[in-house]
Enquirer: 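Pasting a structure here, questions to come.
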There are 2 protein chains.
Amino acid sequence: MTIEDVARLAGVAKGTVSRVLNNYGDTSAETRDRILQAVERLEYQPSAAARKLKRGRVDTLGIVLPAGQGEHADPFLSEFLDGIAQALDLSDRDLLVTTAHSDEHAVTVHDRLIRSRKVDGFIVTRTQGDDPRIGLLLQRGFPFVAHGRTKETDFAWYDVDNERAFLDAVRHVVALGHRRIGFLGGPVRMNFAIQRKAGYRRGLAEAGIAHDPALEIACELNEMSGAEAARTLVHLDEPPTALVCVTDTLAIGAIEALRALGLAIGRDVTVIGYDGLPVGAYIDPPLTTFSQSAHAAGARAAQMLIDVIEGVDPLERQELVRADLVKRASDGPPEKTPKELKESLAR
Amino acid sequence: MTIEDVARLAGVAKGTVSRVLNNYGDTSAETRDRILQAVERLEYQPSAAARKLKRGRVDTLGIVLPAGQGEHADPFLSEFLDGIAQALDLSDRDLLVTTAHSDEHAVTVHDRLIRSRKVDGFIVTRTQGDDPRIGLLLQRGFPFVAHGRTKETDFAWYDVDNERAFLDAVRHVVALGHRRIGFLGGPVRMNFAIQRKAGYRRGLAEAGIAHDPALEIACELNEMSGAEAARTLVHLDEPPTALVCVTDTLAIGAIEALRALGLAIGRDVTVIGYDGLPVGAYIDPPLTTFSQSAHAAGARAAQMLIDVIEGVDPLERQELVRADLVKRASDGPPEKTPKELKESLAR
DNA sequence: TATCAATCCAAAACCGTTTTTATTGACGAC
DNA sequence: GTCGTCAATAAAAACGGTTTTGGATTGATA
């Protein structure tokens, strides 16, 4: 079923068919009807490859995912993908998905896709403070949108206001009555970790609480690290009654560790996470956290990328959104002072 | 950077460049070197679109995911995708991802992709007993591999031996000493639900335990339904001391409900799930379940599809794999008889 | 020495579109 | 009447590869 067949059936030249299908509006109503009828009858659809070749645009967006390190796929990404796909469905574009197992490999893969002209642009996720993928794309002048900023920010991005969220987190626990607040941070090379820490400190300052370095711990992003940090903090001379964690994973680890010590989460110690992972709802107690809707982020990033591809200045597509508090059950007013908490642990 | 440029630089015709790049092996070593050098210098990579057009093959596999019903993406699928992508990386093919929000829409989307020749074949997930997508693909004679069988099975598929897994599950709890075993089943239209129930019954028969219809409940696939079913079963006159659940989600719901009743999971009541979801490891107690490695399934399905596209008879690509027991902490020997269990609840 | 086969490569055809250029006929203006 | 002008469409030229065809050169064979 090619355009030739349609042209023959309608008794016109194939160029005419093409112009009708692409709405040039320079064909008589009569022949247009005839052609559309032929298209209908033959159930004709243009070949994507031929159209791409001539047009030089492929109507496909690309995304390179970090390859799950043996078994562990990122739950955040699957929702993010879903959001992208839905946005693309509306605009008749497709999504090309690839994986990369290291930073260098990611760069290679992006380069390959650019050179073989398989995509019109990229969505870059999980940005680092200094991101080689973004370096490549900027250098090549290839369209992209990043989910998350980097040190440089002269490109299109969609990001959550991390600082604001952690400011809000501190405000929230302060309002509950906490004055001694711990912070489980992330690796300093990650941009979001820096921003979240800034929010935490601003929150303390705003509440007139002196900043105590002993209450701040930099963790790796896994449960074990969260558990360890929680144990460290709770054994301080003056332990915190609230823990603000840079990711849900850390918070889950912390909760596990604290429960093992016999503490009641949400009463003895408040724990707040960040990410809004579905898992959080199933643990005991359900985790209070901040949610950024991965789905919405994906959909919005896709639309922004489409705009950029169509010529909008990337600098006009920079969006900062707020993360909202998802109140569940791991927070509450402090039932013990730090001193009492310390004593209850000693027993 | 087109093949023309390379040809000019190397001083040959473009056809020769093409033959060198595609290893026809009919060019002299000397010119081949010259051409490869030119390719290197220009960093040339062929245009995917042009190559597709001429070859009639696009080296792209397609997958149509169910669109997350507002926010809830399937954790299984994200690992599955990752497996596919990694397999494709090895064979220099790409993956086109789309979403569909209903069964009919899914059929439409498949049809569109076939007609625009954007993919060489499909991977179909979450098969139903009677699957309209598979109907379409069979009718069109388009290559595909299904993850899961349907009523008809004359096509390529990769499936877990559901019956066997549930046979094993029953054997496992019988070996622990249980004789009163409940079954939390799934919707009957789902093929896997039927198979798993068959396995459960076979297990009972094998152990010489009479089949009691009261112990079998058909649930919807969510926590609430699992919780409800668990409550129903445990309030029978002679309650089960072990619950075998058709998915982890059901098992998680059941555990929540039973814990709320003051029962100790793994001691008063054993609960076994199925899916190997990561969540299972974080709940309390960690869920004993059967795992089918979504990652491996994706990788294998992708390879099978490639084989089929390259001409292998689909009927030679049907694979049944075993799901393995992931022993965690929600199972154990019964510490109470059904009667004692009943009494402890009455208090 | 003429013939034949084998090797290497240039040239041309083709894939199915879109876009540009040419052609045709109708119409109005001078 | 002839000459543009315009609208509508046919015809041809891309797009960037792959594949086919065929020609020139070489070496072996009769």
Side-chain angles (χ1 to χ4, degrees), chain A residues 1-39 42-60 92-94 112-120, chain B residues 1-39 42-60 92-94 112-120:
Chain A
M1 250 347 90
T2 78
I3 202 173
E4 189 72 56
D5 299 316
V6 176
R8 193 165 27 236
L9 180 59
V12 298
K14 55 185 188 166
T16 309
V17 176
S18 174
R19 287 201 313 283
V20 164
L21 291 179
N22 291 289
N23 295 313
Y24 274 57
D26 63 348
T27 17
S28 72
E30 187 197 354
T31 47
R32 196 182 52 235
D33 285 355
R34 201 146 32 88
I35 288 172
L36 290 178
Q37 228 165 305
V39 167
L42 299 180
E43 300 199 321
Y44 167 76
Q45 254 208 345
S47 140
R51 156 173 275 181
K52 286 172 184 178
L53 176 57
K54 180 61 192 180
R55 282 201 168 157
R57 267 192 355 187
V58 292
D59 288 337
T60 302
D92 241 322
R93 267 165 251 251
D94 297 295
R112 174 173 71 83
L113 290 176
I114 292 174
R115 288 228 295 268
S116 63
R117 283 142 283 178
K118 280 190 172 178
V119 301
D120 297 321
Chain B
M1 250 348 87
T2 77
I3 201 173
E4 190 72 56
D5 299 318
V6 177
R8 192 162 30 233
L9 179 59
V12 298
K14 56 181 189 168
T16 308
V17 176
S18 175
R19 286 202 313 281
V20 164
L21 291 179
N22 291 289
N23 295 315
Y24 274 56
D26 64 347
T27 15
S28 70
E30 187 197 355
T31 46
R32 195 181 53 232
D33 285 354
R34 199 146 33 90
I35 288 172
L36 290 179
Q37 228 166 305
V39 166
L42 299 178
E43 300 199 320
Y44 167 76
Q45 253 208 346
S47 140
R51 152 175 277 183
K52 285 172 184 178
L53 177 56
K54 178 61 190 189
R55 282 206 170 151
R57 267 192 354 187
V58 292
D59 288 337
T60 302
D92 241 321
R93 269 164 249 252
D94 298 296
R112 174 172 72 81
L113 290 176
I114 292 174
R115 287 228 295 267
S116 62
R117 282 142 285 177
K118 282 190 171 178
V119 301
D120 297 321

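Just so we're on the same page: letters track the sequence lines, and every chain starts at 1. Any value given below was found using the heavy atoms of this structure, including those in side chains, with hydrogens, waters and symmetry copies removed.
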Enquirer: Rounded to whole Å, please give me the gap between CZ in Arg57(B) and C1' in dC15(C).
Expert: 15 Å
Enquirer: Does Leu21(A) reach the side chain of Val6(A), with side-chain heavy atoms less than 4.5 Å apart?
Expert: no
Enquirer: Ignoring the backbone of Arg55(B), work out which of dG16(C), dT18(D), dG16(D) is nearest its side chain.
Expert: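 Taking heavy atoms from C-beta onward, the closest nucleotide is dT18(D).
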Enquirer: Would you compute the distance between atom CZ of Arg19(B) and atom CD1 of Ile35(B) and round it to the nearest 0.5 angstrom?
Expert: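 Rounded to the nearest 0.5 Å, the CZ-CD1 separation comes to 8.5 Å.
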Enquirer: If only side-chain N and O atoms of Thr2(A) are considered, is one of them under 4.0 Å from the OP1 or OP2 phosphate oxygen of dC15(C)?
Expert: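 The answer is no; no side-chain N or O of Thr2(A) sits under 4.0 Å from OP1 or OP2.
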Enquirer: Taking Arg34(B) for the side chain and Arg32(B) for the main chain, is one N or O donor matched with an acceptor at less than 3.5 Å?
Expert: no
Enquirer: Just checking Lys14(B): base, sugar-phosphate only, or nothing, at a heavy-atom cut-off of under 4.0 Å?
Expert: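 Here Lys14(B) touches the bases of the nucleic acid.
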Enquirer: In whole angstrom, give the distance that lies between atom CZ of Arg115(B) and atom P of dT17(C).
Expert: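 Those two atoms, CZ and P, are 13 Å apart.
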Enquirer: Tell me if a side-chain donor or acceptor on Asp33(B) pairs with a main-chain N or O of Glu30(B) at a distance below 3.5 Å.
Expert: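 No, the answer is negative, given that no donor and acceptor are paired below the 3.5 Å cut-off.
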Enquirer: Would you mind telling me which residue lines up with the more 5' stretch of DNA chain C, Thr16(B) or Leu53(B), judged by nearest nucleotide?
Expert: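 Here Thr16(B) is the residue nearer the 5' end.
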Enquirer: What's the NZ-C1' distance between Lys54(A) and dT18(C), to the nearest Å?
Expert: 5 Å
Enquirer: Looking at DNA chain D, which of residues 18-28 of chain B put a heavy atom within less than 4.0 Å of it?
Expert: Ser18(B), Arg19(B), Asn22(B), Tyr24(B)
Enquirer: Measure from the side-chain heavy atoms of Ala13(A) and tell me the nearest of dA10(D), dG16(D), dT17(C).
Expert: dA10(D)
Enquirer: Could you tell me the separation between the CZ atom of Arg51(B) and the C1' atom of dC15(D), rounded to a whole number of Å?
Expert: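 It works out to 16 Å between those atoms.
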Enquirer: With distance as the sole test, does Arg115(A) use its side chain to make a donor-acceptor pair with the main-chain N or O of Glu43(B) at under 3.5 Å?
Expert: yes
Enquirer: So how far off straight is the helix from dT1(C)-dA30(D) to dC30(C)-dG1(D), going by the axes through five pairs at either end, to 10°?
Expert: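 For the helix from dT1(C)-dA30(D) to dC30(C)-dG1(D), the axes at opposite ends meet at about 70°.
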Enquirer: In a table with atom names and distances, give each donor-acceptor pair under 3.5 Å that connects a side chain of residues 45-52 of chain B to protein atoms at least two apart or in another chain.
Expert:
residue	atom	partner	partner atom	Å
Gln45(B)	OE1	Ser116(A)	N	3.2
Ser47(B)	OG	Ala49(B)	N	3.3
Ser47(B)	OG	Ala50(B)	N	3.1
Arg51(B)	NH2	Asn22(B)	OD1	3.3

Enquirer: Glu4(A) has an atom CD; how far is it from atom P of dA12(D), in whole Å?
Expert: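 Computing the Glu4(A):CD to dA12(D):P distance gives 13 Å.
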Enquirer: When the distance from CZ of Arg8(B) to P of dG16(D) is rounded to whole Å, what number comes out?
Expert: 12 Å
Enquirer: Mind calculating the distance between CD1 (Ile3(B)) and P (dA10(C)) to the nearest angstrom?
Expert: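 About 13 Å, once rounded to whole Å.
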Enquirer: Would you name the heavy atoms of Thr60(A) and Lys118(A) that are closest together and state the gap between them?
Expert: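 Result for this residue pair: CB-O, 3.7 Å.
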Enquirer: If we ignore hydrogens and angles and just use 3.5 Å, is the side chain of Asp59(B) paired with the main-chain N or O of Arg93(B) as donor and acceptor?
Expert: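 No, Asp59(B) side chain to Arg93(B) backbone: no donor-acceptor pair under 3.5 Å.
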Enquirer: Between dA8(D) atom P and Asp33(A) atom CG, what is the distance in whole Å?
Expert: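 Computing the Asp33(A):CG to dA8(D):P distance gives 14 Å.
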Enquirer: Which comes earlier along DNA chain D counting from the 5' end, the contact point of Gly15(B) or that of Ala50(B), where each point is its nearest nucleotide?
Expert: Ala50(B)
Enquirer: Could you tell me which non-hydrogen atom of Ala7(B) sits nearest to which non-hydrogen atom of Ala13(B), and how far apart they are?
Expert: CB-C, 3.9 Å
